[in-house]
There are 2 protein chains.
Amino acid sequence: MRRDVFQAIADPTRRAIIALIALQAMTPNALAENFNTTRQAVSKHLRILTECELVKQEQQGREIYYSLEIEKMKEIDSWLAQYRKIWETRFNQLDQVLLTLKK
Amino acid sequence: MRRDVFQAIADPTRRAIIALIALQAMTPNALAENFNTTRQAVSKHLRILTECELVKQEQQGREIYYSLEIEKMKEIDSWLAQYRKIWETRFNQLDQVLLTLKK
DNA sequence: AATTTGCGAAACCGAATAGTTGCGTATATA
DNA sequence: TATATACGCAACTATTCGGTTTCGCAAATT
């Protein structure tokens with residue numbers, strides 16, 4: 001099973017889960033109440049997110065709190081960095097053009 | 001068919017295509033030669049990338065050159081921005097702790 | 001004009017995926 | 001101790017996905 005961060009964030013429900021647990025740790029039941037889905041479905045998404053280390057869990061009694069592993073999000077950021085470089089270069093080039101026109 | 005950027009970049013072959021055409025426009029055949037796959041397979045990926053506007057095409061005779069629509073990549077960047085804010089805040093907090101310890 | 005080349009599109013197939021249902025287990029509550 | 005709650009896991013189903021094969025069309029080459 002090839003699980004990577006990009007595959008994990010491909011699903012909109014998972015992105016919604018990420019958005020919620022980024023703010024505070026939550027249980028599967030609490031998460032399911034926020035969507036039109038069952039606890040089991042959320043549970044499966046959490047398993048995928050856990051497998052690619054985007055999420056960490058903490059047991060408290062019979063409840064399991066899930067929270068975002070923010071470090072892993074940087075992996076997407078570093079992939080994006082190469083393209084950010086491109087659009088920043090283009091922006092600077094445009095900037096140059098505008099400056100030249102102004103003169 | 002729900003095509004969005006996140007679903008598009010989920011596939012490793014598509015990320016490789018993006019990396020190549022970010023540097024220069026390429027034809028499906030030229031792209032296929034860079035991978036262990038057929039032109040048709042590449043063609044399907046290009047269709048998906050085109051549908052979500054990550055890629056633009058330019059016909060030249062019977063050849064079609066595909067290149068990256070860098071603007072669309074910013075969509076991923078702006079989604080990531082909310083999380084970047086989180087890790088930067090945490091970094092600053094850690095920075096504060098280190099400063100306090102130093103004194 | 002006949003052939004080759006570059007391409008998209010459709011039909012098809014096996015694998016993966018999202019979701020449901022049902023189960024077993026552990027913790028909490030009565 | 002009996003019951004309710006929170007959860008993960010496995011089995012099952014419908015759908016989607018990545019890839020191949022085949023086809024037809026248009027542009028280039030002979």
Side-chain angles (χ1 to χ4, degrees), chain A residues 1-21 24-69 72 76 79, chain B residues 1-21 24-69 72 76 79:
Chain A
M1 228 169 288
R2 53 161 242 285
R3 295 258 187 249
D4 62 55
V5 193
F6 297 99
Q7 201 252 335
I9 62 164
D11 185 84
T13 304
R14 281 198 290 269
R15 286 201 301 279
I17 291 177
I18 289 174
L20 282 173
I21 62 173
Q24 58 178 326
M26 290 178 80
T27 65
N29 264 325
L31 280 167
E33 280 166 17
N34 280 277
F35 312 114
N36 264 11
T37 184
T38 60
R39 176 190 62 82
Q40 279 87 345
V42 169
S43 206
K44 282 189 82 170
H45 286 303
L46 286 171
R47 196 156 85 100
I48 290 169
L49 290 169
T50 305
E51 272 172 20
C52 70
E53 300 174 309
L54 256 174
V55 147
K56 56 175 180 275
Q57 42 185 295
E58 196 189 339
Q59 184 115 21
Q60 259 177 47
R62 66 182 165 184
E63 292 181 328
I64 300 178
Y65 283 86
Y66 288 86
S67 59
L68 186 63
E69 193 73 79
K72 197 69 178 182
I76 305 166
W79 173 78
Chain B
M1 225 170 286
R2 55 159 242 284
R3 295 260 185 247
D4 63 54
V5 194
F6 297 100
Q7 202 249 333
I9 63 165
D11 184 82
T13 304
R14 281 198 289 270
R15 286 200 301 278
I17 290 177
I18 289 174
L20 282 174
I21 62 173
Q24 57 179 327
M26 291 177 81
T27 65
N29 263 325
L31 280 166
E33 279 166 17
N34 281 276
F35 311 115
N36 265 11
T37 186
T38 60
R39 175 190 62 81
Q40 281 85 345
V42 169
S43 204
K44 284 189 79 171
H45 285 303
L46 286 171
R47 193 157 87 99
I48 291 169
L49 290 170
T50 305
E51 274 173 17
C52 71
E53 301 173 309
L54 256 173
V55 147
K56 56 174 179 276
Q57 41 185 295
E58 195 188 342
Q59 185 116 20
Q60 260 176 45
R62 68 181 164 186
E63 293 182 325
I64 299 177
Y65 283 85
Y66 288 85
S67 59
L68 187 63
E69 193 73 78
K72 197 69 177 183
I76 305 165
W79 174 77

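As a basis for the values below, the full set of heavy atoms in this structure was taken, side chains included, without hydrogen atoms, waters or symmetry mates. A, B, ... follow the sequence lines: proteins, then strands. Residue 1 opens every chain. Everything quoted here is computed from the prediction, not taken from an experiment.
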Check whether any side-chain nitrogen or oxygen of [X] sits under 4.0 Å from OP1 or OP2 of [N], and answer yes or no.
X	N	value
B:T27	C:dG6	no
A:N29	D:dC7	yes
B:Q59	C:dC7	no
A:R14	C:dA18	yes
B:H45	D:dG19	yes
B:S43	C:dG8	yes

Between [N] ([atom2]) and [X] ([atom1]): distance, integer Å:
X	N	atom1	atom2	answer
A:D11	C:dT17	CG	P	11 Å
B:R62	C:dG8	CZ	P	14 Å
A:Q60	C:dA28	CD	C1'	14 Å
A:L49	D:dG8	CG	P	12 Å
B:R39	D:dG19	CZ	C1'	13 Å
A:I48	C:dT17	CD1	C1'	8 Å
A:Y65	D:dC7	OH	P	8 Å
B:E51	C:dA9	CD	C1'	12 Å

State, with a plain yes or no, whether a side-chain heavy atom of [X] is found less than 4.5 Å away from one of [Y].
X	Y	result
B:D4	A:R15	yes
A:I9	B:W79	yes
B:L46	B:L31	yes

Between B:I64 and B:Q59, does a side-chain contact (heavy atoms from CB on, under 4.5 Å) hold up when you go through it step by step? CA-CA 4 Å; B:I64 299 177; B:Q59 185 116 20; 3.8 Å; yes
Minimum-distance nucleotide (side-chain atoms of [X] versus [options]):
X	options	result
B:R3	D:dC17, D:dC7, C:dG19	D:dC17
A:T13	C:dT21, C:dG19, D:dT20	C:dG19
A:Y66	D:dG8, C:dT20, D:dG18	D:dG8

Under 3.5 Å, is there an N or O donor on one side and an acceptor on the other linking the side chain of B:K44 and the base of D:dG19?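 Side chain to base: pair found, below 3.5 Å.
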Do A:Q40 and C:dG22 share a donor-acceptor pair, side chain to base, under 3.5 Å?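 Under the 3.5 Å cut-off, the side chain and the base do form a donor-acceptor pair.
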Toward the 5' end of DNA chain D, which comes first, B:T37 or A:A30, by nearest nucleotide?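 Nearest-nucleotide comparison on DNA chain D picks A:A30.
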Distance-minimising heavy-atom pair for B:Q7 and B:R14: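 Scanning both residues, the minimum pair turns out to be O-NH2, 3.3 Å.
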Interatomic spacing from OG1 in B:T50 to CD in B:E69 - rounded to 0.5 Å: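 It comes to 10.0 Å.
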Remember a base hit wins even if backbone is also touched, and classify A:E63 as base, sugar-phosphate or nothing at under 4.0 Å, heavy atoms.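 Result for A:E63 = sugar-phosphate.
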